[in-house]
S.K.: 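To start, I am sharing the structure in question, which I have written as structure tokens.
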2 protein chains.
Amino acid sequence: MNILAGVQLARNEPIGRELYAALRERILTGALKPGDAISEIQVADELGVSRTPVREVFRRLADEGLLRILPQVGTFISPIQLRAVYDSQFVRETLECRTVRIASERQTRQDADRLEDFLTLQTRAIRDGNLAGFFRADDDMHTYLIGMAGRPAIWSLIQGVKAQLDRVRFLSLESGEWLDRIMEQHRAIIAAVLAGDADKAEAAMRIHLQSVFQTIERLAETQKAFFEGERDLVRP
Amino acid sequence: MNILAGVQLARNEPIGRELYAALRERILTGALKPGDAISEIQVADELGVSRTPVREVFRRLADEGLLRILPQVGTFISPIQLRAVYDSQFVRETLECRTVRIASERQTRQDADRLEDFLTLQTRAIRDGNLAGFFRADDDMHTYLIGMAGRPAIWSLIQGVKAQLDRVRFLSLESGEWLDRIMEQHRAIIAAVLAGDADKAEAAMRIHLQSVFQTIERLAETQKAFFEGERDLVRP
DNA sequence: TCCAATGAACTTGCATACTAGTAAACAAGT
DNA sequence: ACTTGTTTACTAGTATGCAAGTTCATTGGA
């Protein structure tokens, strides 16, 4: 079975960059499922490169908790660890609730246009059934808000911990009514930010980022095989 | 000149583990200064191993922002980027202010003994002029507080961003009166936590974690060569 | 004296060969 | 049938060699 169905490297950049992104996406979207074996040689052969760059990518993914490397045994896609998911949510909520607060205190006229653009992009993506596009516009909006708070670099840190959350998100293949509810949350956040109401913005962001809990509730039952660790962990 | 003055690998574990810790410590403590060149071959030869494991360690340190790898040119110790330092402080303050809040709400009887132990360990280390021991006990106390909040894993994330802060801390070689002030801050935090006063605990923690700003003030002037980036960045 | 060309000595990126360890299939004995 | 020992085929860890690019000192000419 092909690990990388039809991945073609452009080879303008170093190998690792693209391979990292490609593998990461396949793990997050569930194309590579928890428990699946994935060997350095296999991937190297499929790409027509040597083990060395593949190996380095594996290491990075293992550091992020997406791969599990067992020496002399093999490398496997990590199970989704509930503890790690809850911790990731905690970190994201803590950081973004503070940054959105700052964003709402610093908001200016031109921010309004940009933020509203994100909302229209998102509704349009939903209308067209373009899930990938929606996720991208979603991330872009969060990125912009963090930038407004003057902390653009923090998004890359959140990106790191968010991996665990995204695995859950993709596993759930959000249905239509869910997306509508997310849009409502987005609108509430943006409205509060543009109104300069820090308290309301923080509250709206918290509700938004905590909605992943409901997704977990539904999933941890049905997709039990992909999860690891006890349920009922630290919940606020 | 020796990069690794007298580092002896135990070779019970994989090479990388120890080498990573050894290099990281030398960068943080300033034994390896910003701008210093450090090549894969040189380190490999000094350790009597091949380039491959050294290379992987370099990659991880580069991901953390401690090394700068320029292809076909060389690898260098990163300058201390003020922007990264302030961002790290922001992340740490945001996370630990929330966790110490939770810790103070969950505190129990046996926590009191442990926390007081940390304080005595610290005062003893200061009395003996044992700086390394003080830093260790300092970190241990923060670790314990985060554990009290039920989020032990978050410490490793903070550990990651803390690297930038530690570089500043070690560069300043805190003088005696500074250490006394830190101890006062520690005592204030612990007292608030044990009293179950979340607001006071959070405030004390914020003051404590913001004290690095004064250190930066003093240093960015005198040690200008080690720093990169404009002063007067986002400050609360 | 100045400047440009050149080449030696570096560097990291990548490829490949070898080592050593695990696991599972299999064979032989009970 | 079951256990035990052995073989075989895999894995990642490590070593090493080559390729490609940068830096810098040296050299030759004006």
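Reminder, nothing fancy here: chain letters follow the sequence lines and each chain counts from 1.
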S.K.: Any idea which of C:dT11, C:dG13, D:dT14 is nearest the B:I69 side chain?
M.R.: C:dG13
S.K.: Can you tell me the distance, in whole Å, between the CD atom of B:Q42 and the P atom of C:dT11?
M.R.: 8 Å
S.K.: B:L61 has an atom CG; how far is it from atom P of C:dT12, in whole Å?
M.R.: 13 Å
S.K.: Please report, rounded to the nearest Å, how far the C1' atom of C:dT11 is from the CG atom of B:D36.
M.R.: 17 Å
S.K.: Tell me: CZ of B:R55 to C1' of D:dG13, nearest whole Å?
M.R.: 15 Å
S.K.: Whole Å only: how far is the CD1 atom of B:I41 from the P atom of C:dC10?
M.R.: 9 Å
S.K.: Check side-chain hydrogen bond (donor to acceptor under 3.5 Å, both in side chains) between A:D117 and all other residues, then give those that pass, not counting sequence neighbours.
M.R.: none
S.K.: What class does the angle between the rings of A:H142 and A:H208 fall in, given that below 30° is parallel, 30 to 60° is tilted and above 60° is perpendicular?
M.R.: parallel
S.K.: For B:L19 and D:dG13, what is the distance between atoms CG and P respectively, to the nearest whole Å?
M.R.: 15 Å
S.K.: Could you tell me how far apart A:R59 (CZ) and C:dG13 (P) are, to the nearest whole angstrom?
M.R.: 16 Å
S.K.: Please work out whether the ring planes of B:H186 and B:F134 are parallel, tilted or perpendicular, with thresholds of 30° and 60°.
M.R.: parallel
S.K.: Is the A:F213 ring parallel, tilted or perpendicular to the A:Y86 ring (thresholds 30°, 60°)?
M.R.: tilted
S.K.: Can you tell me how far C1' of C:dA15 sits from CG of A:L47, to the nearest Å?
M.R.: 15 Å
S.K.: From B:F170 CZ over to B:L131 CG, what is the distance, rounded to the nearest 0.5 angstrom?
M.R.: 8.0 Å
S.K.: Which nucleotides of nucleotides 16-22 of chain C have their base under 4.0 Å from a protein heavy atom (B), which only their sugar-phosphate (S), and which neither (-), written as one string 5' to 3'?
M.R.: BB---BS
S.K.: Are any of the side-chain nitrogens in A:E96 or A:K162 under 4.0 Å away from the carboxylate oxygens of its partner?
M.R.: no
